[in-house]
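Following: one structure in structure tokens, then a few remarks.
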Amino acid sequence: MRRKTRFGGGALAAWLATSVAVQAQTTVRLEEVLAIGGPDSETLIQWTGVATDGDGAIYVLDAMDFALKKFDARGRLLGRTGRQGQGPGEFSTPRWLAVAGERVYAIDQSVFGVLVFGRNLAYQKTLPLPSMPDGVEVWPDRGLAVVVNSYDSPGKILFFDPDGQPAAELRYMEKVEGLLLDKVTFVLAPDGGIYIGYLFQDKVERWTLSGGRSWSRNLFGGKKSETTTVQGFSLPRDTFVFDIALDSRGRVYVLGGKRAKNHGRDVAILDASGALVGALTLPEPSHCLHFDNRDFLYVRADQGVTLKKYRLVFP
Amino acid sequence: MSSSKAVLVAVLTALVVVSALGLGTFVLAEEGAGICEKALLMCLADPFIRAMGPAFPIYCFEGYAFCKIYVAPLLGA
């Protein structure tokens, strides 16, 4: 399938309206090149995590099918594994996915660990974690990284070698500043940069393991989230950064939450210094962004029954 | 989208909230309360979830956060 999608016209204006320190911008156009699943298909029931390998295969966590599914580059189902449960290789609340080397790493919200599969989808083991994982990313040429959150200490990113041995740790907050304020999405660059976006704070940051925080900026005017109280817990209500991703040129893509003009659709594009260099708007809300090694973008469509793949066209 | 699939999607979206927060039952959000806040309230009060031990609030908060990024944009919440 190859279809041009009309959008992006309002994207730049949206970011101009909501951003500060706007510099040179480019409005990026998207061309749809593949759709997996769909409203009239049972291929995907409601997917949550996506990852790709160097051969072009696409791995998808289907939360409502309790399965890890593998597709070829043309979207044909190659295999699936998993079922509902809490045993080895089973899923309860599958969320996030990453592929590094020959392994596929999956996060299940109910498991204090990382589920490890082979690229052939065979379950291998579960790497134990000290707390609830909230995201997994490839650590380029080194292994993987996992962000973990706990109730009484700030979140941190844990780094592991490919065999799951602890290798490093990054604490991106010094103290607990409020419930869920340490919730982040992150991505690791080959040059050692660690880009972090905060779900409930207007902050995008660049860190390095050795040098600490390189820069921090906001994209939505810097205002704090409104709060709500549930059973005595004071919680942030407004969302800022849903996901953050990198293309092969080192551009940083930040998917905006409720504080963006288009909830779950506006994407700001930053360079490695944090300068805003472009924007795009997804045709439908997505909870995540993923780039493969050829810079195709994968996002959610049709409320989660479809995975769409786009080519980015820069003017 | 066909009407039958649209209904299925709506139901599944609701089920994601249930799944995200580990709930066995689901009640639509009342007027004035966001769907994620309502589901969080149910999660915190659920005896089965509370049986998880001291970690149960984290489980509910994680579900609340996931609901915010997965479900809320679909409902304009």
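Throughout, protein chains are lettered first and strands after them, A, B, ... in sequence-line order, and every chain is numbered starting at 1.
Looking at residues two or more places apart in sequence or on another chain, you find a salt bridge (charged side-chain N to carboxylate O under 4.0 Å, His left out) between A/Asp62 and A/Lys69. Shown here are the ring-ring contact (aromatic ring centres under 6.0 Å, His included) partners of A/Tyr253, two or more places apart in sequence or in another chain: A/Phe291.
Close placement of the B/Phe66 and A/Trp96 rings is indicated, their centers lying within 6.0 Å of each other.
Here the side chain of B/Lys68 pairs a donor or acceptor atom with the backbone of A/Arg237 at under 3.5 angstrom.
Here the closest non-hydrogen pair linking A/Gln231 and B/Ala45 is NE2-CB, 3.8 Å. Across B/Ala65 and A/Phe200, no two heavy atoms sit closer than the pair CB-CE1, 4.2 Å.
The line from CG of A/Leu235 to SG of B/Cys36 is 11.0 Å long, rounded to the nearest 0.5 Å. To the nearest 0.5 Å, atom CG of residue A/Leu255 and atom CD1 of residue B/Ile69 are 8.5 Å apart. A distance of 10.0 Å separates CG of B/Leu41 from OG1 of A/Thr228, quoted to the nearest 0.5 Å.
Classification of B/Glu62 and A/Arg95 as a salt-bridged pair fails, no side-chain N sitting under 4.0 Å from a carboxylate O.
Classification of the A/Phe233-B/Phe61 ring pair by plane angle, with boundaries at 30° and 60°, yields perpendicular.
Counting heavy-atom pairs closer than 4.5 Å to chain B, the top-ranked of the candidates A/Arg300, A/Lys183, A/Met132, A/Glu284 is A/Arg300.
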Step by step, work out the side-chain contact (heavy atoms from CB on, under 4.5 Å) result for B/Tyr64 and A/Leu179. CA-CA 11 Å; B/Tyr64 171 76; A/Leu179 274 177; over 6 Å; no
